[in-house]
Protein chains: 2
Amino acid sequence: MRDNNDMPGHLIRRLQQIAVAVFHSEAEAAGYDLTPVQYAALAAISTSPGIDQVTLAGLIAYDRTTITGVVDRLAQKGLIERQASSRDRRARELTMTPEGKKTLEGITPAVTAAQQLMVRGLTDDETEELMRLLRKAIAAGNELSRAPLRQV
Amino acid sequence: MRDNNDMPGHLIRRLQQIAVAVFHSEAEAAGYDLTPVQYAALAAISTSPGIDQVTLAGLIAYDRTTITGVVDRLAQKGLIERQASSRDRRARELTMTPEGKKTLEGITPAVTAAQQLMVRGLTDDETEELMRLLRKAIAAGNELSRAPLRQV
DNA sequence: TCATTATTGACAGTATACTGATGATCAGTG
DNA sequence: CACTGATCATCAGTATACTGTCAATAATGA
């Protein structure tokens with residue numbers, strides 16, 4: 001019988017759990033109540049103001065159904081605003097509030113720290129190699145998920 | 001600003017999504033309705049009959065709260081049985097049913113196929129290296145998650 | 001033995017992720 | 001312009017994951 005430790009799926013799941021836990025503890029220690037998912041969405045909206053939800057989902061590889069809830073919570077926290085688009089009445093344009101900008105700037109050091117902490121068992125070279133392999137595997141499997149990356 | 005593609009956390013999350021999607025489609029194609037999480041739990045119960053839920057959670061690095069629902073669903077599908085332990089009246093001993101054994105055996109080829117498919121962009125050597133790096137990072141971060149691995 | 005502490009399983013509540021469906025709207029074609 | 005098909009956002013439902021809490025029970029130490 002194949003051991004869990006020889007299953008890529010199991011190992012990926014475990015490191016993901018650790019990554020999320022590290023993110024939460026770093027963010028909380030810095031005084032912010034933001035999930036990894038919410039952070040990524042906020043950062044993407046910051047880079048692409050006025051973006052609609054489907055495009056946002058594609059940029060960060062989220063399911064379009066998931067993004068609804070994430071955007072809801074960001075709006076509820078006053079970090080972003082959602083307004084109907086004038087060009088397409090189906091779409092909602094997402095923009096950051098000043099509060100959102102302040103939060104994004106403030107939390108960034110904690111996010112950077114978390115990224116290092118979650119691979120603290122690896123050397124810098126090993127981390128680079130891990131990221132290279134992850135990128136390569138993701139590129140080949142991108143279309144297998146319901147939430148593929150869609151670069152604009 | 002740091003790109004998503006340079007963030008280990010983002011890359012890990014994406015590959016995890018792909019891994020789960022691949023597992024589902026392979027399992028479904030083989031005629032089974034079992035999630036990756038349910039499969040791992042079933043396999044662990046098969047290896048360690050009579051195990052209690054906390055020990056099971058430790059073996060596969062699940063949160064003890066999560067395991068309750070997983071075990072519920074496996075029991076509801078008739079794949080496992082839950083009975084009060086005679087040694088410890090708090091604990092529930094988990095055992096497989098014949099149906100569970102049949103399911104586990106039947107689904108195993110699909111699981112193996114899924115493990116290969118989710119890293120189909122990598123060569124065999126690269127897959128080995130990816131698993132090595134994942135194991136090393138996980139070992140260093142094990143205690144950072146609420147659901148660490150607890151080998152017996 | 002008795003009081004304190006720890007452990008097991010469960011529950012409520014929140015946040016991803018997904019499947020599948022729906023209403024509103026847009027774009028392209030005849 | 002009317003029709004068809006695609007797209008945007010949302011919803012209902014299911015399954016992880018987590019935080020924090022609780023009752024029942026076990027284990028430990030004074």
Side-chain angles (χ1 to χ4, degrees), chain A residues 9-10 13-14 16-25 27-28 33-41 51-58 60-77 82-94 144-148 150, chain B residues 9-10 13-14 16-25 27-28 33-41 51-58 60-77 82-94 144-148 150:
Chain A
H10 181 78
R13 186 189 139 275
R14 290 245 280 136
Q16 222 262 324
Q17 274 182 347
I18 292 168
V20 171
V22 166
F23 188 103
H24 273 124
S25 74
E28 191 181 350
D33 171 31
L34 216 57
T35 68
V37 163
Q38 288 165 15
Y39 166 78
I51 197 175
D52 68 290
Q53 293 186 186
V54 166
T55 310
L56 170 62
I60 48 185
Y62 288 10
D63 190 273
R64 69 183 193 286
T65 305
T66 301
I67 209 75
T68 300
V70 174
V71 164
D72 269 350
R73 286 179 280 276
L74 285 174
Q76 198 174 359
K77 288 177 182 173
R82 204 170 8 180
Q83 21 196 199
S85 166
S86 49
R87 292 171 294 122
D88 185 340
R89 270 184 298 168
R90 291 169 305 181
R92 311 290 202 87
E93 287 177 359
L94 307 174
L144 301 179
S145 154
R146 174 165 143 166
R150 302 268 181 234
Chain B
H10 180 79
R13 187 189 138 275
R14 291 244 281 134
Q16 222 263 324
Q17 274 181 348
I18 291 167
V20 171
V22 166
F23 188 102
H24 273 123
S25 74
E28 191 181 349
D33 171 31
L34 215 58
T35 67
V37 163
Q38 288 166 14
Y39 166 79
I51 197 175
D52 67 290
Q53 295 186 185
V54 166
T55 309
L56 171 61
I60 48 186
Y62 288 9
D63 190 274
R64 70 181 195 286
T65 303
T66 301
I67 208 75
T68 300
V70 174
V71 164
D72 270 349
R73 286 180 281 274
L74 285 174
Q76 197 173 358
K77 289 176 182 173
R82 208 173 0 183
Q83 25 198 193
S85 165
S86 51
R87 291 171 295 121
D88 185 339
R89 270 185 297 166
R90 292 169 305 180
R92 311 290 201 87
E93 288 177 358
L94 307 174
L144 301 179
S145 153
R146 172 163 147 169
R150 302 267 181 238

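These numbers come from the heavy atoms of this one structure, side chains and all, not from hydrogens, waters or symmetry mates. Every chain is numbered from 1 and lettered A, B, ... according to where its sequence line falls, protein lines coming before strand lines.
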Please produce a list of atom pairs where a protein N or O lies less than 3.5 Å from an N or O of nucleotides 18-22 of chain C.
{"unit_1": "C:dT19", "atom_1": "OP2", "unit_2": "A:Arg146", "atom_2": "NE", "d": "3.2"}
{"unit_1": "C:dT19", "atom_1": "OP2", "unit_2": "A:Arg146", "atom_2": "NH1", "d": "3.2"}
{"unit_1": "C:dG20", "atom_1": "O6", "unit_2": "A:Thr65", "atom_2": "OG1", "d": "3.4"}
{"unit_1": "C:dA21", "atom_1": "N6", "unit_2": "A:Arg64", "atom_2": "NH2", "d": "3.1"}

Any idea which heavy atoms bring A:Ala40 and A:Tyr62 closest together, and the distance? CB-OH, 3.4 Å
Looking only at heavy atoms, the pair that brings A:Lys77 and A:Asp33 closest together is NZ-O, 2.8 Å
Measure [atom1]/[X] against [atom2]/[N] and give the value in whole Å, please.
X       : N      : atom1 : atom2 : answer
A:Arg87 : C:dC26 : CZ    : C1'   : 13 Å
A:Arg90 : C:dC26 : CZ    : C1'   : 4 Å
A:Arg89 : C:dA27 : CZ    : P     : 11 Å
A:Arg73 : C:dG13 : CZ    : C1'   : 13 Å
B:Asp88 : C:dA6  : CG    : P     : 17 Å

side-chain contact (heavy atoms from CB on, under 4.5 Å) test vs A:Leu74 passes for just one of A:Val37, A:Leu94, A:Leu34, namely A:Leu34
Nearest heavy atom decides the nucleotide; on that basis, is B:Pro36 or A:Glu93 closer to the 5' end of DNA chain D? A:Glu93
First and last nt of DNA chain D near chain A, cut-off under 4.0 Å to heavy atoms, 5' to 3', are D:dA6 to D:dC18
Between CZ on residue A:Arg73 and OG1 on residue A:Thr35, distance to nearest 0.5 Å: 7.5 Å
When rounded to the nearest 0.5 angstrom, what distance separates CG in A:Leu56 from CZ in A:Arg92? 14.0 Å
Assign each of A:Ser86 and A:Thr35 to its nearest nucleotide of DNA chain C by heavy atoms, then name whichever residue's nucleotide is nearer the 5' end. A:Thr35
Closest nucleotide of DNA chain C for B:Asp72 versus for A:Gly69: which of these residues is on the 5' side? B:Asp72
